[in-house]
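Heavy-atom basis, side chains included; hydrogens, waters and symmetry copies ignored. As the structure is a computational prediction, the values presented were derived from the model and not from experiment.
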Amino acid sequence: MIVADASPLIVLAKLQRLGLLNDLYGEVLIGPVVKAETIDTGQAVRAQGVEQLEAALAAGWLQTVHVTAQERDLMQRLTRRSRLDQGEAEAIALASVRDLRLIVDDKEARNVAAVAGVEYVGTAGALLEAHLRQCLDLGELEAMLRDLSQILWISPAVVAEVLRLAREANR
């Protein structure tokens with residue numbers, strides 16, 4: 001089980017590979033703000049990939065959870081003390097209070113998560129995990145990283161490190 005911020009969901013849906021999250025983590029939890037950012041807004045603008053998000057929600061492995069008072073308080077503290085948007089703060093608060101791993105791409109959100117003691121992975125890291133668990137072969141991983149970098153800014157050093165680790169694992 002993992003908590004997701006909007007960006008990894010949107011990116012993987014656009015790449016037509018949202019199902020990798022289910023393969024890797026089973027249930028994926030989102031809060032109402034992230035649902036609004038991904039599914040509700042996606043439906044309104046007919047965003048590419050929104051149908052994958054809708055299908056995942058209908059299948060039950062993508063779940064919108066209610067934010068508890070403790071999570072709401074932490075979310076408010078995080079937004080006051082950082083430049084996080086509501087969705088990032090919500091995802092970090094859910095992961096923190098529920099002691100779950102977080103998938104998030106935004107650099108500041110990752111830094112705040114680390115300070116909060118939340119274990120996280122980015123989309124590129126999740127793709128590496130998919131390769132290591134044999135959900136993607138090396139060619140698919142390379143292609144997905146190339147496609148990912150067309151949708152989301154990703155450091156060339158991160159791409160190189162992911163590919164290095166994947167190639168080492170194949171030896």
Between [atom1] on residue [X] and [atom2] on residue [Y], distance to nearest 0.5 Å:
| X | Y | atom1 | atom2 | result |
| --- | --- | --- | --- | --- |
| L18 | E51 | CG | CD | 10.0 Å |
| D73 | T68 | CG | OG1 | 8.0 Å |
| S82 | I92 | OG | CD1 | 7.0 Å |
| L102 | L94 | CG | CG | 9.0 Å |
| Q63 | I30 | CD | CD1 | 9.5 Å |
| I39 | E37 | CD1 | CD | 11.5 Å |

> Is a side-chain donor or acceptor of H131 paired with a backbone partner of L141 at a separation under 3.5 angstrom?
Replying inline: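 Between the backbone of L141 and the side chain of H131 there is no qualifying donor-acceptor contact (under 3.5 Å).
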
> Would you say D105's side chain and T123's backbone share a donor-acceptor pair under 3.5 angstrom?
Replying inline: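 Confirmed, D105 side chain pairs with T123 backbone.
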
Which atoms form the tightest heavy-atom contact between [X] and [Y], and what is the distance?
| X | Y | result |
| --- | --- | --- |
| L78 | A93 | CD1-N, 4.2 Å |
| V118 | A95 | CG1-CB, 3.7 Å |
| C135 | D23 | SG-CB, 4.2 Å |
| V104 | A109 | CG2-CB, 3.7 Å |
| G49 | A13 | O-CB, 3.4 Å |
| L62 | L53 | CD2-O, 3.8 Å |

Is any side-chain heavy atom of [X] closer than 4.5 Å to a side-chain heavy atom of [Y]?
| X | Y | result |
| --- | --- | --- |
| E161 | L165 | yes |
| D147 | M144 | no |
| E119 | L100 | no |
| L152 | S149 | no |

Could [X] and [Y] be called an ion pair, given the rule that one side-chain N must be under 4.0 Å from one carboxylate O?
| X | Y | result |
| --- | --- | --- |
| R101 | E129 | yes |
| E142 | R146 | no |
| R72 | E90 | no |

[X] atom [atom1], over 12 foreign heavy atoms within 6.0 Å:
| X | atom1 | result |
| --- | --- | --- |
| Q134 | CD | no |
| R83 | CZ | no |
| D99 | CG | no |
| R81 | CZ | no |
| K14 | NZ | no |

> What's the verdict on side chain to side chain contact (heavy atoms under 4.5 Å, CB included) for I2 and Y120, showing C-alpha distance, side-chain angles and the deciding distance?
Replying inline: CA-CA 9 Å; I2 197 164; Y120 65 85; over 6 Å; no

> Any side-chain donor paired with an acceptor under 3.5 Å for E54 and Q43?
Replying inline: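 Side-chain D/A pair, E54 to Q43: present.
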
> Yes or no on side chain to side chain contact (heavy atoms under 4.5 Å, CB included) for V50 and T38, after CA distance, side-chain angles and deciding distance?
Replying inline: CA-CA 7 Å; V50 73; T38 56; over 6 Å; no

> Run the side chain to side chain contact (heavy atoms under 4.5 Å, CB included) check on V3 and I103 step by step: do they pass?
Replying inline: CA-CA 6 Å; V3 174; I103 182 166; over 6 Å; no

Are [Y] and [X] linked, directly or through intermediate hydrophobic residues, by side-chain heavy-atom contacts shorter than 4.5 Å (ILVMFWY only)?
| X | Y | value |
| --- | --- | --- |
| V97 | L84 | yes |
| V33 | V65 | no |
| V121 | M1 | no |
| I151 | L21 | yes |
| I10 | L15 | no |

> Of V11, V159, V162, which is the lone residue that meets side-chain contact (heavy atoms from CB on, under 4.5 Å) with I154?
Replying inline: V159

>> Determine whether V28 and W61 satisfy the following criterion, side chain to side chain contact (heavy atoms under 4.5 Å, CB included), listing intermediate values before the conclusion.
In response: CA-CA 6 Å; V28 178; W61 63 263; 3.8 Å; yes

